[in-house]
Amino acid sequence: MNFYKDHYDVIVIGGALAGLSSALMLAEKGKDVLVLERHNLPGGIASSFVRGGIEIEAALHEMMSIGEKDNRLKVGKFFDDMGVDIEWLKVPEAYHASLPGLEVTLHPGLETFAREVDEAVPGTYRKVLDLLNLCTTVFNSVNELSIHPMSKAKMLLKHEAFVKTAGYTAQEVIDSFDLPKKAQDLLAPYWIYVGSGFNTLPFTIYAVLMADYVGFGSYIPRKFSHEMSLKMAERAEAMGVQIEYRQHVDKILVRDGQAYGVRTARGDEIYADYVISSSYPNKVYTSMIEPASAVPAKAIKMVNGRRLSLTAFSVIMILDDTAEHLGIRDYSVFRGDTMDTDALYEDLAGLGPYRYLTCICHNLGNDTATPPGTCSYSITTLPRVDGWKTVKAEDYDKVKHQVAAQMIDDMSEYLGVKLRDHILEIVIETPMTVNRYTNAWNGCIYGYAHTMEDHIIARLQTAEEESFIKHLEFSGAHAISGDGMGPAVTNGRKAAKNVLDTMAAEEALK
Ligand SMILES: Cc1cc2nc3c(=O)[nH]c(=O)nc-3n(C[C@H](O)[C@H](O)[C@H](O)COP(=O)(O)OP(=O)(O)OC[C@H]3O[C@@H](n4cnc5c(N)ncnc54)[C@H](O)[C@@H]3O)c2cc1C
């Protein structure tokens, strides 16, 4: 039996959330799909690992765009429609904000959230609710416009709030609500999930973030993020997708400006009408296209012009007692010595001590997360690539342990518990770990940063002119929607849709 067929409709490079979403959507439309994954498991970052006999979540804090069973948002609906049956658990709170002068727990639901901000900063209810309602209006417009693009004039009529706020930063729009600083601080902690300071971040992105997470709450799979990727892979195979693990794609083969196949590290040449890449455009255009002369100068200019978003540094611990006994009360804590997002963004360029941490006690969202009598606690910061690129191999271990120690000590002080005395297992993930496991460019987890010049709406408009090689699409956190696991699924679907649209257009021309 041949390992590969002579020809496929589509080859997908990478079997993580984005790549598997592309594969599922194409298989549903009857396309013949091959997924090539370099790891021996599906999932990329959406994975888990075992230490001391305990399964540990590798990354996920919370998923956006899932929604209740009877009111699914786009990612939750996609899983349901594809028959990927996940046991979703709703995260109990939005977050606990531990900021100068503020120790406040906020819950999802626009009115609940506004009321709780008002309890901490009296007199702000109406303004906070108005801001959140504006976010929701913009969120609805973005969802509609990403499916049904329309002319600017029509947009102005149907999506006035979206058009009016689109040219402003998050900070400019928030400032227009004239809220006291403490209330503004309570509205900012999620900024790290989109990785840009508010003076750079388009309001549109802030609006989507807040409407989705605060309006609908966030979710986690009971069996960790790996539940998503394992079930997606299982379902894709049941739908006829061929998935091959331990197959690293070295080259994307191009002829006459069009992709026609790939070559793997073990030398197999495999042919297809289309290639979808989970590998970053930076990697593809600088070293994967064969012949290299098929890469237009504009492609290199494009990747050099984009600002890479954040990577991750995470300390994940299994503790020897329950959350309750250790005095851990919140699923999610955002802790910083300031809520000036632009100053925090600058701080992330270095190697610590980091001023903004995001912490999760998995057991408070998932009662089966670890064996009875233990709990899982992770402390994460999302540094920029800048600082970590400067670490020399001989210093790596020292720097890694210094940063982890600072984070453990900071959260020990906050919790009033010496975490070091309770560690059964500990794992430290660095930008290098992310790079090594997923091949992500510089260990980036969010693709390219959202800025006023480069964000989802601008990317939708330039997508066609940035399609430098015919029949080659990109699917991953580095594609149009950017950021995180939910958007990776959306990006995977978008890449598949582009392939299906091109197939239909070319068929119509025959
Ligand atoms: C510590 C941490 C916490 C996080 N928390 C959250 C969170 O709470 N919520 C959230 O939404 N997001 C979170 N993220 C971000 C999120 O995990 C990523 O944005 C998302 O999983 C990216 O998915 P992806 O499919 O684009 O890529 P990846 O998961 O990076 O997968 C890429 C896949 O392609 C494969 N691949 C790459 N190159 C090749 C090649 N040449 N040949 C074959 N295979 C290849 C890789 O092996 C991998 O399987 C977190 C990330 C980290 C590290």
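Residue indices begin at 1 and follow the sequence shown. Note that the structure is predicted; figures quoted are calculated from it, not measured. Just so you know, ligand 1 is whichever comes first in the structure, and atom 1 is the first atom listed for that ligand.
With Arg235 as the partner, the side-chain contact (heavy atoms from CB on, under 4.5 Å) test is satisfied by one option alone out of Met232, Glu237, Met239: Met239.
Between Gly484 and ligand 1, an N or O atom pair is found at a separation short of 3.5 Å. Ligand 1 has a nitrogen or oxygen under 3.5 angstrom from a nitrogen or oxygen of Glu37. Ligand 1 has no nitrogen or oxygen under 3.5 angstrom from a nitrogen or oxygen of Ala488. Looking at Ser314 next to ligand 1, no N or O pair under 3.5 Å apart turns up. The N/O atoms of Met485, backbone and side chain alike, include one that comes under 3.5 Å of an N/O atom in ligand 1. The distance criterion of under 3.5 Å between nitrogen or oxygen atoms is met by Ala477 with respect to ligand 1. Of the N or O atoms in Val249, one or more lie within a sub-3.5 Å distance of an N or O in ligand 1. The shortest N or O to N or O distance between Thr380 and ligand 1 is not under 3.5 Å. Considering backbone and side-chain atoms together, His61 places an N or O closer than 3.5 Å to an N or O of ligand 1. Checking only distances, Met288 never comes within under 3.5 Å of ligand 1, N or O to N or O.
Between Val12 and Glu37 there is no side-chain heavy-atom pair separated by less than 4.5 Å. With contacts defined as side-chain heavy-atom distances shorter than 4.5 Å, the pair Leu132/Met210 qualifies.
Taking each heavy atom of Val391 and Val399 in turn, the nearest pair found is CG1-CG2, 4.2 Å.
With a 4.0 Å cut-off on non-hydrogen atoms, Gln247 touches ligand 1 through its backbone and not its side chain. The proximity of Ala440 to ligand 1, defined as any non-hydrogen pair under 4.0 Å, does not occur for either the backbone or the side chain. Residue contacts with ligand 1 for Asn439 involve side-chain atoms from C-beta outward but no N, CA, C or O (heavy atoms, distance under 4.0 Å).
Closest protein heavy atom to atom 30 (O) of ligand 1: Thr438 CB, 3.4 Å. Counting only heavy atoms of the protein, atom 25 (O) of ligand 1 lies nearest to Ala18 N, 3.1 Å. Nearest protein heavy-atom contact of atom 5 (N) of ligand 1 is Ala59 O, 3.4 Å. In this structure, atom 31 (O) of ligand 1 lies nearest to the protein heavy atom Ala16 CB, 3.1 Å. Atom 40 (C) of ligand 1 has Ile13 CG2, 3.6 Å as its closest protein atom, hydrogens excluded (heavy atom only).
For CZ of Arg222, the number of neighbouring non-hydrogen atoms (other residues, nucleotides, ligands) closer than 6.0 Å is greater than 12. No more than 12 heavy atoms of other residues, nucleotides or ligands lie within 6.0 Å of NZ in Lys283, so this atom counts as exposed by the packing criterion. Dense packing is recorded around CZ of Arg307, with more than 12 heavy atoms of other residues, nucleotides or ligands lying under 6.0 Å away.
Close approach of ligand 1 to Gly44 (heavy-atom distance below 4.0 Å) involves ligand atoms 29 (O), 31 (O), 48 (C), 49 (O). In the vicinity of Leu60, heavy-atom distances shorter than 4.0 Å reach the ligand 1 atoms 7 (C), 8 (O), 9 (N). Close approach to Leu36 involves these atoms of ligand 1, each under 4.0 Å from a residue heavy atom: 43 (C), 44 (N). Counting the atoms of ligand 1 from 1 in the order shown, those under 4.0 Å from a heavy atom of Leu17 are 25 (O). Each of the following atoms of ligand 1 lies closer than 4.0 Å to a heavy atom of Ser279: 38 (N). For ligand 1, the atoms sitting less than 4.0 Å from at least one non-hydrogen atom of Gly14 are 34 (O), 35 (C), 44 (N), numbered in the order shown with element in parentheses. Which parts of ligand 1 touch Gly476 is read off a 4.0 Å heavy-atom cut-off, strictly below it: atoms 26 (O).
Here Tyr437 and His39 bring their ring centres to under 6.0 angstrom of each other. Taking the six-membered ring for Trp and the full ring otherwise, Tyr193 and Tyr213 have centroids separated by under 6.0 Å.
Of the listed options Ile445, Asp483, Asp250, Ile445 places a heavy atom closest to atom 19 (O) of ligand 1. When Glu429, Arg38, Met64, Glu62 are ranked by how near their heavy atoms come to atom 44 (N) of ligand 1, first place goes to Arg38. Residue nearest to atom 29 (O) of ligand 1, selected from Ile45, Val315, Thr311: Ile45 (by heavy-atom distance).
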| message | Go through it in stages, so that I can follow the logic: the residues are Tyr396 and Thr430, the test is side chain to side chain donor-acceptor pair (under 3.5 Å), and I'd like the CA-CA distance, side-chain angles, deciding distance and then a yes or no. | response | CA-CA 10 Å; Tyr396 172 69; Thr430 72; 2.7 Å; yes
| said: I'd like to know whether Asn363 forms a side chain to side chain donor-acceptor pair (under 3.5 Å) with Thr370, so could you lay out the CA-CA distance, the side-chain angles of the two residues, the decisive distance to 0.1 Å, and finally the verdict. | reply: CA-CA 7 Å; Asn363 302 67; Thr370 61; 2.8 Å; yes
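Ring pair Phe474/His478 is perpendicular by interplanar angle, where above 60° counts as perpendicular and below 30° as parallel. By the 30° and 60° cut-offs, the orientation of the rings of Phe216 relative to Phe139 is tilted.
Electrostatic pairing of Asp80 and Lys69 does not count as a salt bridge here, judged by no charged N lying under 4.0 Å from a carboxylate O. A salt bridge does not link Glu62 to Lys90: none of the charged nitrogens lies less than 4.0 Å from a carboxylate oxygen. A salt bridge between Asp454 and Arg306 is present, with a side-chain N of the basic residue lying under 4.0 Å from a carboxylate O of the acidic one.
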